[in-house]
Amino acid sequence: MEQKGLKVVLADNNVQDRETRTKAIEEAGMQVVFSTGDGKKALDAIYREQPDIVVMDMILPGLDGIGILEEIEKVDMLHRPVTMIVTALKASQMVSRALQRGAGYYMMKPISNRVFGERLQQIAEEMKENSTKQDNLTKSEQEYAVTEYAAAEESTTIRNRETGRRDNVVPIETKPSCTERKQGFTHSSRYSGDLEKDVTNVLLEIGIPAHIKGYQYIRQGIIMSFNDRSMLQYITKYLYPAIAKKNKTTSSSVERTIRHAIEVAWRRGSMDVLEDIFGNTVCAGKGKPTNSEFLALLTDRFRLEYREKIVS
């Protein structure tokens, strides 16, 4: 990530402070894409501009700093900005609350442009380092996926040759539609009553390779959500951070890794199995589900099956 490409939203009710901060941000080689003294306008700009960094005061008309942090938490953002609080508010409870709500830095006014600029440089370096780590992670997972795809394709080719069918050729008249396919899998073989074992078996049956990190994250997410329904109601606020903490990574990394694992399943998995597990919510003619949909559908399926076992 090039430093000069970093975008900044600036929110401060003091006009002079805004001008001073804008100058320091530009001297650091960054771009102020929106500057305001109003909290609601700042929040709108964060959603609209997708900045890399948000610099804001805690005391803002319309919506204060804590309110902005809380609203950002509610949204499933692919790109969550680093938030720097620069304020004269010295209450320790407020500092703690801001950090708990996701603020990355909390600095007390008055602050010199030199110190402010140094913090910006520090943020830029950390973002560059995190970006490099994520690129390496993604590259590694893609290499795993390519290996899996190749193995699956080779297996399909061998099977087709053994049965006398030409490679990758399926007569169109014998390929049923989504609603016409018959479910040929028994529930008894899939749900034993041991949640961890059953989740593992279902994910492997769907077609998610056990050696990619997304498999582990999805497995943990389903088990957590099964035991605590609130996890799925606030997937970005609770579930991703819980998985990230367990695996010593970031929420955004968890989100991207799970999305990649779902893509792997939809490319190499059996559509018959996917339709049997998810029902009419998926089929060959529909796109893959979102992370939230995927986790919610599987978790609810386990709850339903386990409830039926208890009743029976």
Side-chain angles (χ1 to χ4, degrees), residues 137-138 140-160 162 168 178 181-227 231-232 235 239-240 242-244 246-247 249 253-284 286-309:
L137 172 63
T138 301
S140 176
E141 290 184 345
Q142 287 174 343
E143 290 173 350
Y144 280 137
V146 168
T147 302
E148 288 295 319
Y149 300 153
E153 184 178 356
E154 181 180 358
S155 176
T156 300
T157 300
I158 293 173
R159 184 169 60 252
N160 287 342
E162 290 175 348
N168 301 324
C178 178
R181 283 187 180 147
K182 296 180 180 180
Q183 296 180 350
F185 305 91
T186 60
H187 291 176
S188 59
S189 63
R190 185 176 288 140
Y191 303 101
S192 67
D194 183 331
L195 182 60
E196 291 191 11
K197 178 181 177 181
D198 291 345
V199 171
T200 297
N201 289 338
V202 167
L203 293 183
L204 292 174
E205 190 177 2
I206 287 173
I208 299 178
H211 61 264
I212 65 174
K213 289 187 178 181
Y215 164 88
Q216 197 63 247
Y217 293 171
I218 291 174
R219 183 174 179 274
Q220 293 169 1
I222 292 172
I223 294 173
M224 289 179 185
S225 301
F226 184 92
N227 295 320
M231 286 289 186
L232 288 174
I235 187 170
L239 186 59
Y240 288 159
I243 297 173
K246 191 178 183 67
N247 295 277
T249 185
S253 177
V254 169
E255 180 182 18
R256 286 191 292 268
T257 305
I258 289 177
R259 186 166 61 248
H260 171 67
I262 295 173
E263 290 172 354
V264 171
W266 250 248
R267 290 182 61 179
R268 72 179 290 272
S270 167
M271 189 54 63
D272 287 326
V273 174
L274 293 171
E275 288 178 19
D276 182 52
I277 293 176
F278 291 99
N280 290 331
T281 56
V282 301
C283 72
K286 296 181 180 179
K288 60 184 178 297
T290 64
N291 291 8
S292 299
E293 290 172 337
F294 185 86
L295 292 168
L297 285 167
L298 274 181
T299 302
D300 287 344
R301 184 65 182 265
F302 280 111
R303 287 200 184 107
L304 177 62
E305 295 294 336
Y306 277 37
R307 188 182 302 120
E308 290 179 351
K309 278 185 173 290

With respect to Ile258, which candidate in Ile218, Ile208, Thr290 satisfies the side-chain contact (heavy atoms from CB on, under 4.5 Å) definition? Ile218
Taking all heavy atoms of [X] and all of [Y], pick out the closest pair and write down the distance.
{"X": "Val264", "Y": "Ile212", "result": "CG2-CD1, 4.4 Å"}
{"X": "Glu196", "Y": "Ile223", "result": "CG-CD1, 3.7 Å"}
{"X": "Pro289", "Y": "Ile262", "result": "O-CG2, 4.0 Å"}

Are side-chain heavy atoms of [X] and [Y] found at a separation under 4.5 Å?
{"X": "Val199", "Y": "Leu298", "answer": "no"}
{"X": "Asn247", "Y": "Lys213", "answer": "no"}
{"X": "Thr249", "Y": "Thr257", "answer": "no"}

With sequence neighbours excluded, tell me which residues meet side chain to side chain donor-acceptor pair (under 3.5 Å) with Gln216.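 Counting only residues at least two positions away or on another chain, Gln216 forms no side chain to side chain donor-acceptor pair (under 3.5 Å).
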To the closest 0.5 Å, what do you measure between [atom1] ([X]) and [atom2] ([Y])?
{"X": "Phe294", "Y": "Ile206", "atom1": "CZ", "atom2": "CD1", "answer": "4.5 Å"}
{"X": "Leu203", "Y": "Asp198", "atom1": "CG", "atom2": "CG", "answer": "11.0 Å"}
{"X": "Arg256", "Y": "Tyr217", "atom1": "CZ", "atom2": "OH", "answer": "11.0 Å"}
{"X": "Met224", "Y": "Leu239", "atom1": "CE", "atom2": "CG", "answer": "7.0 Å"}
{"X": "Ile235", "Y": "Ser225", "atom1": "CD1", "atom2": "OG", "answer": "7.0 Å"}

List for me each residue that meets side-chain contact (heavy atoms from CB on, under 4.5 Å) alongside [X], sequence neighbours excluded, and say none if there are none.
{"X": "Asp300", "answer": "Arg303"}
{"X": "Ala296", "answer": "Leu232"}
{"X": "Leu204", "answer": "Thr200, Ala210, Tyr215"}

